[in-house]
Amino acid sequence: MHFKTVIEPFRIKMVEPIHMSTEKERRNYLKEAKNNLFLLESEKVIIDLLTDSGTSAMSAQQWGGIMMGDESYAGAKSWEKMRKAIFDLTGYDYILPIHQGRAGESILYSQLGGKGKVFISNTHFDTTRANIEYSGALAVDCLSEQGKQPALEHPFKGNIDVKKLEQTILKHGAESIGAVVLTVTNNSGGGQPVSMQNAKDVRAICDKYQVLFLLDCCRIAENSYFVAQREQAYKNVSYRAIAQEMFALSDGAVMSAKKDALVNMGGFIALRDKKIADACANMLIMKEGFVTYGGLSGRDMEALAIGLVEVFDKDYLHYRISSTTYLGDKLTALGVPVIRPIGGHAVYVDAKTFYDHIPVDEYPGHALACDLYLKGGIRACEIGSVMFGKYSESGELIPAQMELVRLAIPRRVYTQSHLDYVVETFEAVLAEKQSSKGMKIIYEPAFLRHFTAHFARLLPEYASVV
Ligand SMILES: *Cc1c(COP(=O)(O)O)cnc(C)c1O
């Protein structure tokens, strides 16, 4: 018998109550937070889809492991477990612990980067780009053309454009290329996967020009699931073996373990090259901690070692990707425009199309994110002109390429009924779509304004004030 419902492949052993609020209460909460969802206390949120980073629920095994944490300064048993888990997966000899992804990026790119160096990616994640640029180097994105078309159905929209990659290497000269960094899955491009063939093509080009090939592998397990589903040759290969093959193709990796290692904090740098690793180790000791803990507690390292194995469980990954797809497909059926196909960790709503009556300088994505909160207590994240907009010299908004609202799904946290509730919230927002108004910014800082800006709703206020 084939079941329609993909159930959560776990039972709930410990619960965290959700404070239910009314629309009227949320209207006040949002006002107090200056209409900025980042300024809301999490207790005032019913379903928190702000990010999938560091928000995973840990298993009983991981919590059990936490009690075994060895907190020795040097040579802790817990480090040995973490090192072994990473070595078994990546096959790299030189492994350094870090407290989260950007700490590893700061260390690695301070060593590989510098003025005159160029790093080429499918899409550099924001913190990756920032750390590369901070070193004085240049960060270039070469995403495939398919990856740039939100509505296009294509199995691997995270692929790098190998032709452009080669042209970029030739343009700058192979000796100035710091590394090619393949982000799997491509977070900034909608959580879209990268094929094994693409990784093989990158390897071949890196061999031809003697260039370093790195993985930004935060979501390598989710990427492996897509490879098994969509790349014929990998139909019968285990998810773990697929990940191992991708690591075998590359020379090193940085991982934010807050994603696919199913922990709330942690990460690693793993490398084949001893010289680079030694240089990074010096920086690690200076910035994060000794080489056998790197800013992590022994208990964190235990949980990470266990999570990195659990994430490749075939029932877990099937449920994980199915539940993201479930939400995306239900929204599509309602007529909500979303980026296709649905990626691994999030559903991205195209707010420019959804609120086509709100011009981009009135921030349709931010208006939608606020409406989802008001109607259902859902916290989503605007990825549009609030986050990436700039101003021209005359003070006019230069909008972002797209006005998106990201619904990121924390791992093992919400059930299908929570997602049904999200769908119902969208129904309520859709019903009053035309009466929703845009937003204006009434205060903004000089940098990263989305975190702390204050907003006001353009008048007259949202129609359904209760
Ligand atoms: C989250 C993330 C990072 C940075 O990791 P942090 O743990 O948040 O510092 C880097 N790259 C990608 C692709 C990410 O998703």
Side-chain angles (χ1 to χ4, degrees), residues 38 49-56 82 86 96-110 112-113 119-135 139 141-143 147 157-160 179-194 199 214-224 226 243 246-247 250 252-270 284 287-289 294-296 300-301 303-304 307-308 311 320 324 343-346 348 381 383 387 404 406-411 448 450-451:
F38 281 102
L49 306 182
L50 194 59
T51 177
D52 66 319
S53 177
T55 51
S56 302
M82 173 171 157
I86 297 165
L96 299 170
I98 50 173
H99 84 275
Q100 67 178 88
R102 68 198 71 181
E105 293 166 346
S106 149
I107 290 170
L108 185 61
Y109 297 121
S110 73
L112 297 177
F119 291 81
I120 309 166
S121 179
N122 42 351
T123 314
H124 288 97
F125 181 68
D126 345 354
T127 60
T128 320
R129 171 178 286 277
N131 276 297
I132 288 169
E133 290 176 349
Y134 187 73
S135 82
D141 291 339
C142 290
L143 185 62
K157 287 169 81 172
N159 281 357
I160 198 166
V180 177
V181 184
L182 208 49
T183 312
V184 293
T185 55
N186 189 24
N187 184 0
S188 309
Q192 298 291 332
V194 174
L214 302 174
L215 293 176
D216 180 347
C217 66
C218 303
R219 297 179 182 80
I220 184 90
E222 292 173 4
N223 198 79
S224 299
F226 286 117
M246 206 170 264
F247 282 117
S250 48
V254 181
M255 181 172 193
S256 165
K258 298 171 73 171
K259 285 64 172 251
D260 266 357
L262 301 172
V263 288
N264 306 117
M265 198 54 73
F268 64 81
I269 304 171
L284 182 75
K287 294 204 164 193
E288 288 273 289
L296 293 170
D300 292 336
M301 297 194 283
L304 196 160
L308 208 50
V311 74
R320 165 71 179 159
T324 308
H345 68 288
Y348 292 73
C381 186
I383 302 187
M387 195 180 268
L404 302 176
R406 184 180 78 171
L407 309 165
I409 318 290
R411 295 169 182 77
L448 297 170
H450 56 286
F451 288 123

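This is a predicted model, so every value here is computed, not measured. Every number for a ligand or one of its atoms is a count from 1 in the order of the listing.
- Backbone and side-chain nitrogen or oxygen atoms of Thr127 are examined, and none is located within less than 3.5 angstrom of a nitrogen or oxygen of ligand 1.
- By the 3.5 Å distance cut-off applied to N or O atoms, Lys259 is counted among the residues near ligand 1.
- Applying the 6.0 Å contact sphere to CZ of Phe38 captures more than 12 heavy atoms from other residues, nucleotides or ligands.
- The heavy atom nearest to atom 13 (C) of ligand 1, considering only Asp216, Leu215, Thr123, is found in Asp216.
- When all heavy atoms of Ser56 and Lys259 are compared, the pair lying nearest together is OG-O, 4.1 Å.
- Between Ala257 and Leu304, the shortest heavy-atom distance links the atoms CB-CD1, 3.6 Å.
- An N or O contact shorter than 3.5 Å is missing between Ser53 and ligand 1 by distance.
- Geometric assessment of Lys157 against the ring of Tyr348 yields a negative cation-pi assignment under the 6.0 Å and 45° thresholds.
- Residue Cys218 places a heavy atom under 4.0 Å from ligand 1.
- Using a 4.0 Å cut-off to heavy atoms of Thr183, the atoms of ligand 1 that qualify are 13 (C).
- Close N/O approach between Gly101 and ligand 1 is found [any backbone or side-chain N/O within under 3.5 Å].
- Asn223 places no side-chain N or O within 3.5 Å of a backbone atom of Arg219 that could act as its donor or acceptor partner.
- When the options His99, Gln100, Arg129 are ranked by their closest heavy atom to atom 6 (P) of ligand 1, first place goes to Gln100.
- The pair Asp52-Arg411 meets the salt-bridge criterion, since a charged nitrogen lies less than 4.0 angstrom from a carboxylate oxygen.
- Looking only at protein heavy atoms, the nearest one to atom 8 (O) of ligand 1 is Arg102 NH2, 3.0 Å.
- Ranking the protein heavy atoms by distance from atom 5 (O) of ligand 1 puts Ser256 CB, 3.2 Å first.
- Asn264 is linked by a side-chain contact (heavy atoms from CB on, under 4.5 Å) to Met58, counting only residues two or more places apart in sequence or in another chain.
- Checked by distance only, ligand 1 and Thr185 stay at 3.5 Å or farther apart across all their nitrogen or oxygen atoms.
- The contact set between ligand 1 and Arg219, taken as ligand atoms under 4.0 Å from a residue heavy atom, comprises 15 (O).
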